[in-house]
Amino acid sequence: MSENVVHLHKPTDPPTPDTAPTVLTVVPDAPPARPVPLWVRSGRAVKSAATHETTRATVRAVARHGSYTFNGGRIVARRTWDGRTGSRYERMIRAAEAAGNLEAAEEWEERLQRFRAARHHRRMDLLHSPVEAAKGVTVGAGMSVGVLVALGIVMAINTGHVGDVITPLTATIDFIALLIRIVQVVWGPALTIGPFLALLALWSVGRKQHAAPAWALPANVRSGEGEPITPSIVVKALRDLGVAALARAIKEMGDAGASMLGPITIAGCGVEVDVTLPSGVSTNEVQNKRRKLAENLTRHEHEVFITIPQAARTVRLWIADSGALDEPIGPSPLVTDETMTADYTKGKAPWGQDLRGDAAALSLYQRHLLITGLSNQGKTVALRSLALWLSLDKSVQFLMGDLKGVGDWAMFDGLATTLIQGPTDEHVIQVTEMVEGAVDEMNRRIQAPPGTTFPPLIVLVDEAQVAFMCPAKDEDKRPYGGSKANSRYFMAVRKIHNQGRAVNVLMWQGTQDPTNENLPKLVREGAHTRASLALGTESQARMALGDKAVDGGAAPNLLRPGLDRGTLVVASDGITIPAGQSSITVRTHYIDDDAAEAITDRAKALRDGVTTLHAVERGEERDPLADIAAVVGDAPRVRTKDVLARLATRNADAYGGWSFIDLKRVLDDAGAEPYKSDGVMVVARDRVARALANRDNEGSASADG
């Protein structure tokens with residue numbers, strides 16, 4: 001029992017010397033700590049020792065070196081067996097038959113027959129070799145003795161001593177005896193040390209082949225960072241993929257599983273190899289194991305790309321050098337070459353590099369464009385770089401709506417005919433009416449005489465998902481957003497997709513996180529060029545690029561958000577895609593805002609001057625002469641067809657149906673008649689300004705009178 005402590009104290013009432021009793025309070029002490037059993041302490045000590053890093057390192061070292069020796073013996077035995085038998089040839093024959101290469105199978109069959117014939121010849125020689133050896137030893141011994149005796153006779157004649165006749169023979173016998181004594185001395189230690197030397201040799205073979213479990217190998221070997229890709233590594237990676245039919249076929253082929261592989265070629269910052277799969281293995285079984293295949297190849301998942309070429313039962317593997325995809329690519333030629341210009345019809349925009357490191361350029365001629373991806377992955381920069389290149393073709397006109405409104409497209413002020421920036425419903429309404437104005441311009445062009453050529457008109461909407469999700473309705477209760485037949489933005493985009501390409505009216509859209517709600521099916525399938533940055537799911541990848549591209553190996557959902565910023569998977573006939581593939585991965589150049597402003601300054605210098613509208617004017621009475629002056633801007637003269645196009649963009653309702661006759665009528669009435677310059681009809685800025693000034697002066701005089 002534990003002891004108690006007794007405290008003596010008195011009550012709280014005022015005590016008297018005689019009556020104050022003493023109160024005893026017994027307070028038990030806390031029980032003493034119970035001793036920890038010995039078996040618990042021992043168990044903890046054992047656990048601590050077992051989990052200590054030194055213990056783990058020791059266990060790994062013992063397992064590693066033991067495996068080196070054991071597996072080294074297996075390797076030497078296998079090599080010896082291969083050297084003594086025709087098993088190597090038989091494996092090659094089975095591999096060739098599995099690959100369907102009958103010519104190679106016949107060639108290996110002939111080699112096997114030659115090997116067997118040579119082996120039979122050696123064995124027959126061994127049957128006669130003892131007799132021949134005995135004869136040879138007898139003859140050789142007799143000749144040797146005769147030579148030694150003859151040498152002794154010569155020595156005896158020279159010295160005059162008869163005993164020298166046997167001196168050479170005696171010396172030879174003494175030398176043989178010495179060799180025998182040396183062997184007798186060395187033989188015992190050799191028998192003792194020999195097994196250890198043999199084990200050391202086996203250990204060395206196993207060590208060179210890293211013949212030990214992966215967990216027991218040193219960290220630098222186990223990681224495999226930077227390990228070059230060889231046929232044996234690829235075959236082992238495929239064998240360990242977890243596809244039973246594939247593993248079984250490779251096992252039957254033996255080491256000749258490399259016959260499945262085409263040449264391993266250097267491709268940019270990695271290598272590329274075609275793998276012909278054996279019968280019973282489908283390509284999608286390998287595609288679905290991308291992560292495991294990458295890890296088997298000592299790579300990260302994003303460093304291995306699997307595509308399907310034209311050849312049947314074949315997958316194409318592109319394997320990056322370790323860490324190569326994390327290195328940035330060089331600057332855009334738009335930034336480094338200040339003399340670069342663009343050609344909408346025949347040129348291609350320098351967009352970036354493919355995985356091989358080759359330049360990736362995109363043709364924009366008569367192709368609607370859609371770029372999508374998760375937020376903050378480089379969508380605006382990728383879309384803007386294409387517009388920057390095309391701005392260097394002075395014939396191209398832009399109508400731009402930025403529904404993010406943070407200034408990403410501000411450098412196009414003075415370059416685009418219309419630039420609307422902002423995320424509100426009012427901005428969506430403005431952008432919708434801008435797109436509808438482009439539809440009116442498209443209809444006007446379609447009704448023009450056959451053979452008429454029109455300048456390219458790019459209708460660009462960034463963050464288009466804001467327009468599709470807009471809940472606002474007009475006075476007729478028609479929604480601006482949505483994907484129904486009465487949705488204004490949706491229907492305007494669809495009309496341009498249907499007919500705009502023929503008259504160079506093109507729709508470019510950038511959108512985030514595609515779903516059926518914010519990117520309707522008919523809109524995304526109307527784009528000729530579809531590109532996607534990193535996405536979250538395969539279903540989103542199918543929305544972005546289409547089923548054909550994804551079934552062919554396109555996988556933007558496997559890109560790493562944040563780390564693969566600016567990397568696009570592109571499906572388009574406007575970019576060079578390797579034969580048999582349906583898409584290509586492009587690492588785009590990054591052009592920052594300052595560089596973009598420098599490029600647009602060069603583009604503005606190529607043009608006569610553009611007055612940018614920041615809102616679509618609607619509902620008010622028009623002043624045709626004032627509008628003509630506004631669209632002419634600061635340019636000394638502008639071609640009449642460009643004036644008509646700008647007027648239609650400024651207000652499609654008022655000017656969408658105008659022809660040259662309508663324009664000439666207004667200018668003639670004002671005394672600012674168009675005239676020919678270098679063989680084309682133009683409108684002079686000074687004439688229009690003078691007509692406006694005269695009209696204003698006349699109006700003032702009338703008011704004063």
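Quantities reported herein were computed from a predicted structural model and do not represent experimental measurements. Reckoned from all heavy atoms, side chains included, excluding hydrogens, waters and symmetry mates. Throughout, residue positions are numbered sequentially from 1 according to the sequence presented.
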Interatomic distance, T80 atom OG1 to I75 atom CD1 [nearest 0.5 angstrom]
11.5 Å
Apply side-chain contact (heavy atoms from CB on, under 4.5 Å) to E110 and R114, showing your working.
CA-CA 6 Å; E110 292 178 2; R114 290 197 297 269; 4.0 Å; yes
Where at least one partner belongs to residues 583-597, residue pairs that pass side chain to side chain donor-acceptor pair (under 3.5 Å), sequence neighbours excluded
R384-D593
Do side-chain atoms of N71 reach the backbone of S67 as a donor and acceptor pair under 3.5 angstrom?
yes
If only atom types and distance count, is the side chain of Q377 paired as donor or acceptor with the main-chain N or O of G562 below 3.5 Å?
yes
Is the side chain of R602 donor-acceptor paired with the backbone N or O of L392 at a distance under 3.5 Å, no angle test?
no
List the atom of Q287, the atom of G552, and the distance in Å for their closest heavy-atom pair.
NE2-C, 4.0 Å
Quick one: closest heavy-atom pair of I591 and S385, and the distance?
CD1-CB, 3.9 Å
Looking at W389 and A342, what are the two nearest heavy atoms and their distance?
O-CB, 2.9 Å
Looking at OG1 of T283 and CD1 of I308, how far apart are the two atoms once the value is rounded to the nearest 0.5 Å?
4.0 Å
I need the full list of salt bridge (Lys or Arg N to Asp or Glu O under 4.0 Å) pairs touching residues 261-277, with sequence neighbours left out, sorted by first then second residue.
E272-R356, D274-R316
Would you say N504 and Q366 make side-chain contact, with heavy atoms under 4.5 Å?
yes
Pair V586-I575, side-chain contact (heavy atoms from CB on, under 4.5 Å): steps then yes or no:
CA-CA 10 Å; V586 176; I575 193 170; 3.9 Å; yes
With heavy-atom distances below 4.5 Å as the criterion, would you say the side chains of L297 and I233 are in contact?
yes
Mind jotting down which residue pairs meet the ring-ring contact (aromatic ring centres under 6.0 Å, His included) criterion with at least one end in residues 535-576? Sequence neighbours excluded, please.
none
Decide if atom CZ of R119 counts as having more than 12 heavy atoms of other residues, nucleotides or ligands within a radius under 6.0 Å.
yes
Give me each pair satisfying salt bridge (Lys or Arg N to Asp or Glu O under 4.0 Å) with a member in residues 367-383, each pair once, sequence neighbours excluded.
R367-D573, K379-D462, K379-E463
Heavy-atom side-chain contact between F115 and R111 under 4.5 Å:
no
L369 and L383, any side-chain heavy atoms less than 4.5 Å apart
yes
dist L390:CG -> W508:CH2 (nearest 0.5 Å) comes out at 5.0 Å
Pair Q353-D358, side-chain donor/acceptor within less than 3.5 Å:
no
What verdict does the side-chain contact (heavy atoms from CB on, under 4.5 Å) test give for T576 and K348, after you've listed the backbone C-alpha separation in whole Å, the side-chain angles of each residue and the deciding distance to 0.1 Å?
CA-CA 11 Å; T576 302; K348 290 188 175 184; 3.9 Å; yes
Which value, rounded to the nearest 0.5 Å, describes the distance between L334 atom CG and W351 atom CH2?
13.0 Å
Say you draw a straight line from CD of Q465 to NZ of K404; how long is it, rounded to the nearest 0.5 Å?
9.0 Å
For a 4.5 angstrom cut-off between non-hydrogen side-chain atoms, does V570 reach I577?
no
Measuring from I371:CD1 to L568:CG, what's the distance to the nearest 0.5 Å?
6.0 Å
Within the 4.5 Å heavy-atom criterion, are Q509 and H368 side-chain neighbours or not?
no
Can you check whether T372's main-chain N or O pairs, donor with acceptor, with T511's side chain at less than 3.5 Å?
no
Side chain to side chain, V281 and R313, heavy atoms closer than 4.5 Å:
no
Closest heavy-atom pair and its distance - R565, N376:
NE-O, 3.0 Å
Does I266 have more than 12 heavy atoms from other residues, nucleotides or ligands lying within 6.0 Å of its CD1?
no
May I have all residue pairs that pass salt bridge (Lys or Arg N to Asp or Glu O under 4.0 Å) and include part of residues 229-238, sequence neighbours excluded?
none
Go through it in stages, so that I can follow the logic: the residues are I319 and R299, the test is side-chain contact (heavy atoms from CB on, under 4.5 Å), and I'd like the CA-CA distance, side-chain angles, deciding distance and then a yes or no.
CA-CA 8 Å; I319 307 161; R299 296 294 191 271; 3.8 Å; yes
Is there a side-chain contact between T600 and L388, using heavy atoms and a 4.5 Å cut-off?
yes
Pick from L545, I584, T529: which one makes a side-chain contact (heavy atoms from CB on, under 4.5 Å) with S572?
T529
Between D393 (side chain only) and Y344 (backbone N and O only), is there a donor and an acceptor less than 3.5 Å apart?
yes
For a quick test of your reading: what N or O donor-acceptor pairs under 3.5 Å do the side chains of residues 536-544 make, sequence neighbours left out?
| residue | atom | partner | partner atom | Å |
| --- | --- | --- | --- | --- |
| T537 | OG1 | S539 | OG | 3.0 |
| T537 | OG1 | Q540 | N | 3.2 |
| E538 | OE2 | R542 | NE | 3.2 |
| E538 | OE2 | R542 | NH2 | 2.9 |
| Q540 | OE1 | G536 | N | 3.0 |
| Q540 | OE1 | T537 | N | 3.3 |
| Q540 | NE2 | D513 | OD1 | 2.4 |
| R542 | NH1 | D547 | OD1 | 3.3 |
| R542 | NH1 | D551 | OD1 | 3.1 |
| R542 | NH2 | D551 | OD1 | 3.0 |

Considering the options L238, V234, L277, V273, which one meets the side-chain contact (heavy atoms from CB on, under 4.5 Å) requirement together with M260?
L238
Heavy-atom pair of closest approach, residues A387 and F412
CB-CZ, 3.8 Å
What one should report as the nearest heavy-atom pair of A571 and A549 is CB-CB, 4.2 Å
